[in-house]
Enquirer: 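Pasting a structure below so you can have a look.
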Amino acid sequence: MAIADDLKKTLTDPTPLYFAAGTADLAVQQAKKVPDLIEQLRAEAPARIEAVKNTDPKAVQEAVTAKFNEVLGAIDPKKLGETAQDLALRGVGVAAEYAVRAKETYDKVAVHGEQAVRTWRGDVSAEIVDIAVAVEPEAGAEPVSEPVAEAAADEKPVAKKPAARKSTAKKATVTADDAS
């Protein structure tokens, strides 16, 4: 029965579909930036190509060889085992951190996808409608207070106390008597 419940939950959860919609929407947003990037590359390409043509291959080879020798000289065979173990532990920590970040990003893209789907459908968020009604009520009409009434129905009503000035003196007297 647990497998059937898990399967039902998996098949009725819209989050993966919202994630796909969010991914598609973000891809479209990024695709709109491509023409500008192409123009930028087209403008910068001649200067970059010229810089590569003017580079001396022997100077590049010497710089790479020097860096390679520096890296090899820094390796200590005695500490290699400790370093490998340390790197493995760091790798596990980094993998766990990336898993958490991936879940957070998945959730953010799914929320973006849900908003994109609402926009594509032309749906307006109920919260926006409530805010609009509260800010700009129609002329002669009272603002709709259904959400407030629902929230108030869930909570116990609080009795209002009438404001009276003379009770303050009585409280001071009672407090002084209680203190003795």
Enquirer: Using side-chain hydrogen bond (donor to acceptor under 3.5 Å, both in side chains) as the criterion, list what pairs up with Gln30, not counting sequence neighbours.
Expert: none
Enquirer: Please table the atom pairs, donor to acceptor, closer than 3.5 Å between any side-chain atom in residues 65-74 and protein atoms at least two apart or in another chain.
Expert:
unit_1	atom_1	unit_2	atom_2	d
Thr65	OG1	Gln61	O	2.8
Asn69	ND2	Thr65	O	3.3

Enquirer: Hey, what do you get for NE2 (His112) to OG1 (Thr119), rounding to the nearest 0.5 Å?
Expert: 8.5 Å
Enquirer: Given Asp107 and Val111, is the side chain to side chain contact (heavy atoms under 4.5 Å, CB included) satisfied, shown in steps?
Expert: CA-CA 6 Å; Asp107 291 341; Val111 168; 5.6 Å; no
Enquirer: Using a strict cut-off of less than 4.0 Å between a Lys/Arg side-chain nitrogen and an Asp/Glu carboxylate oxygen, indicate whether Arg101 and Glu97 qualify as a salt bridge.
Expert: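 Counted as a salt bridge, because a side-chain N and a carboxylate O are separated by less than 4.0 Å.
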Enquirer: Test: ring-ring contact (aromatic ring centres under 6.0 Å, His included). Region: residues 2-43. Which pairs qualify, not counting sequence neighbours?
Expert: Phe19-Tyr106
Enquirer: Evaluate the salt bridge (charged side-chain N to carboxylate O under 4.0 Å, His left out) criterion for residues Lys58 and Glu62: first the C-alpha distance (whole Å), next the side-chain angles of each, then the deciding distance (0.1 Å), finally the verdict.
Expert: CA-CA 6 Å; Lys58 290 183 181 181; Glu62 289 173 5; over 6 Å; no
Enquirer: Under a plain distance cut-off of 3.5 Å, with no hydrogens placed, do Gln40 and Asp36 share a side-chain donor-acceptor pair?
Expert: no
Enquirer: Distance-only, no hydrogens or angles: does the Asn54 side chain make a donor-acceptor pair with backbone N or O of Glu50 under 3.5 Å?
Expert: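 The answer is yes, because a donor-acceptor pair under 3.5 Å joins these two groups.
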Enquirer: If you round to the nearest 0.5 Å, how far is CG of Leu41 from CZ of Arg48?
Expert: 7.0 Å
Enquirer: Does any non-hydrogen side-chain atom of Lys9 lie less than 4.5 Å from one of Asp5?
Expert: no
Enquirer: Can you tell me how far apart CG (Leu26) and NZ (Lys108) are? Round to the nearest 0.5 Å.
Expert: 12.0 Å
Enquirer: Is there a side-chain contact between Leu7 and Leu11 in this structure, where contact means two heavy atoms from C-beta onward sitting under 4.5 Å apart?
Expert: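 Contact flag for Leu7/Leu11 side chains = yes.
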Enquirer: What's the verdict on salt bridge (charged side-chain N to carboxylate O under 4.0 Å, His left out) for Arg90 and Asp86, showing C-alpha distance, side-chain angles and the deciding distance?
Expert: CA-CA 6 Å; Arg90 285 184 190 178; Asp86 184 44; 3.1 Å; yes
Enquirer: Got more than 12 heavy atoms from elsewhere within 6.0 Å of CD, Glu39?
Expert: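 Yes, the 6.0 Å shell around CD holds more than 12 heavy atoms from other groups.
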